[in-house]
Amino acid sequence: MPELPEVETIVRQLRPQLVGQTFRNPRLFHTDVLRGVRPARFVAALHNARVGSVTRRAKHIVIRIQDRDRVVIQPRMTGALLVYERRLSAEQRRYAVLQVTLPGRRYLVYRDVRRLGTISLLDAEAWTTYTDRIGPEPLSPKFTASCLETRMRRTRQAIKKALMDQRLLAGVGNIYANEALFRAQIDPSRPADGLSRPECRRLHRAVRSVLRAAVDAGGTTIRDYRTSTGDPGSFQHVLQVYGRGGEPCVRCGTRLTTTHSIDARSTTFCFRCQGPG
DNA sequence: ACGAGGTCCTGCGAGC
DNA sequence: TGCTCGCAGGACCTCG
């Protein structure tokens, strides 16, 4: 679930709470979330590890420890990274995957109801390989309209699917792909390599503006997403298309259409405002 | 190279 | 009430 704005929100909140702190007594309740590292090695690596930095890359939370390794958390649909000020209640413990004790009797907890999320432990070399396979950060100043155009031209896939392809562009998932395409007034099913230059410029502006607005709102909470304090985001209140199938378009009043024809993911759009180009 | 579909998991709401 | 079914914000894989 968490897309770029949600992960960015979590990271901004966690950073001042974690940087410089030392992890103690890691407890791993479910080992099936680990990728490429065995439970015993992972737990040993976290114990007494000092946090150097907390950053975001695409939809990943990246915690650098011991000036060497990176704990890379990908929350996917239902993962959440929370700091608790006291011992966990039974309800809080229910979906806990990983718990780490922080100074001051606080606890860092990764919880994930569906456990589709993943955790890996990467050294510098493995991290470089990993991050090099992911596309550019859309909010980076280096990400220009021509950068987006070059990337989208690489595929004939539907533009909505291309936007969500992490190799082409980092951090955009279903919600923000829908919203950006509406803002840019582009039909989600159009082949990505068929967009004109002005359309690419509109899409570039739309992607960046919707992501920035969502970061400012603390992300979008449909069901599971919570910030590190356990609070919901607020961008769900200003979504223009996602989750609004059958409701009137905010621009023209036409009933919004929802389809599952693109990559079997729900796509909501206005067939009038986002007509075939 | 592409699309379709299955897989990892659990919860929830709709419908019967 | 209680059951089954389909769906859910992601990403990876195989198959044809």
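Letters go in sequence order (proteins before strands), and every chain restarts at 1. Quick caveat: nothing in here was measured; it's all calculated off a predicted structure.
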Item to check | Short side-chain N/O contact to C:dG6 OP1/OP2 from A:H260, under 4.0 Å | outcome: no

Next on the checklist: Heavy atoms only, 4.0 Å cut-off, all strands: where does A:R94 land among base, sugar-phosphate and nothing?
Outcome noted: sugar-phosphate

Checklist entry - Tell me: CD1 of A:I61 to P of C:dG10, nearest whole Å? => result 15 Å

Next on the checklist: From CE of A:M77 over to C1' of C:dA11, roughly how many Å is that when rounded to an integer?
Outcome noted: 10 Å

Item to check | Between P of B:dC2 and CG of A:D263, the distance in whole Å | outcome: 13 Å

Next on the checklist: Give me the distance, rounded to whole Å, that separates B:dA1 from C:dG10 when you measure between the P atoms they each carry.
Outcome noted: 25 Å

Item to check | Heavy-atom check, side chain of A:L4 versus side chain of A:E137, under 4.5 Å | outcome: yes

Checklist entry - Would you say the base of B:dC9 and the side-chain of A:R114 have a donor-acceptor pair closer than 3.5 Å? => result yes

Next on the checklist: Between C:dC3 and B:dC9, how far apart are the two P atoms, rounded to whole Å?
Outcome noted: 24 Å

Checklist entry - So does A:R115 pair up with A:D32, basic N to acidic O under 4.0 Å? => result yes

Item to check | Nearest-0.5 Å distance that lies between atom CD in A:Q99 and atom CZ in A:R87 | outcome: 7.5 Å

Checklist entry - Among the nucleotides B:dC2, B:dT10, C:dA8, which one has an atom lying closest to any side-chain atom of A:R115? => result B:dT10

Checklist outcome for this item: Among the nucleotides B:dG11, B:dC9, B:dC2, whichever has the atom closest to the side chain of A:R223 is B:dG11

Next on the checklist: Distance check, C1' atoms only: B:dT10 and C:dT1, in whole angstrom units.
Outcome noted: 22 Å

Next on the checklist: Could you measure the distance from the CD1 atom of A:I186 to the CG atom of A:L203? Nearest 0.5 Å is fine.
Outcome noted: 4.5 Å

Checklist entry - Whole-Å distance between B:dA4 C1' and A:I262 CD1? => result 15 Å

Checklist entry - Which part of the nucleic acid, if any, lies within reach of A:T118 when heavy atoms closer than 4.0 Å are counted: base, sugar-phosphate only, or nothing? => result nothing

Checklist entry - Taking atom C1' of C:dG9 as reference, at what distance in whole Å does atom CG of A:L163 sit? => result 15 Å

Checklist entry - Hey, are the side chains of A:E85 and A:Y107 touching, using non-hydrogen atoms and a 4.5 Å cut-off? => result no

Next on the checklist: Strictly below 4.0 Å: does A:K59 bring a side-chain N or O up to OP1 or OP2 of C:dA11?
Outcome noted: yes

Checklist entry - Heavy-atom distance under 4.5 Å between the side chains of A:P26 and A:F42, does that happen here? => result no

Checklist entry - Hey, does the side chain of A:R265 reach the backbone of A:N174 with a donor-acceptor pair shorter than 3.5 angstrom? => result no

Next on the checklist: Give me the distance, rounded to whole Å, that separates B:dG3 from C:dG9 when you measure between the C1' atoms they each carry.
Outcome noted: 22 Å

Item to check | Range-with-range stems for DNA chain C, at least three Watson-Crick or G-U pairs under 3.5 Å | outcome: B:2-8 with C:10-16, B:10-16 with C:2-8

Checklist entry - When the C1' atoms of B:dG5 and C:dC7 are considered, how many whole Å apart are they? => result 16 Å

Next on the checklist: Without decimals, in angstroms, what is the distance between A:I222 CD1 and C:dG10 C1'?
Outcome noted: 15 Å

Checklist entry - Does C:dG10 have OP1 or OP2 sitting under 4.0 Å from an N or O in the side chain of A:Q166? => result no

Checklist entry - So, do A:R251 and A:Q185 sit near enough that their side-chain heavy atoms are less than 4.5 Å apart? => result yes

Checklist entry - What is the distance from CD of A:E6 to P of C:dA8, rounded to the nearest Å? => result 17 Å

Checklist entry - Side chain of A:K161: nearest nucleotide among B:dG3, B:dT10, C:dG9? => result B:dG3

Checklist entry - Hey, does A:D32 reach any base, or is it just sugar-phosphate, or nothing, if we go heavy atoms under 4.0 Å? => result sugar-phosphate

Item to check | A:R265 side chain near C:dG9 phosphate (N/O to OP1/OP2, under 4.0 Å) | outcome: yes

Checklist entry - So A:Y130 and A:H60, would you call those rings parallel, tilted or perpendicular, with 30° and 60° as cut-offs? => result perpendicular

Checklist entry - Is any side-chain N or O of A:Q157 closer than 4.0 Å to OP1 or OP2 of B:dG3? => result yes

Next on the checklist: Does A:Y95 reach a base, just sugar-phosphate, or nothing at all? Heavy atoms under 4.0 Å.
Outcome noted: sugar-phosphate

Next on the checklist: What is the distance, to the nearest angstrom, from the OH atom on A:Y225 to the C1' atom on C:dG10?
Outcome noted: 16 Å

Checklist entry - Would you say A:S266 reaches C:dG9's phosphate, i.e. side-chain N/O to OP1/OP2 under 4.0 Å? => result yes

Next on the checklist: Measuring to OP1 and OP2 of C:dA11, would you say a side-chain N or O of A:Q74 lies under 4.0 angstrom away?
Outcome noted: yes

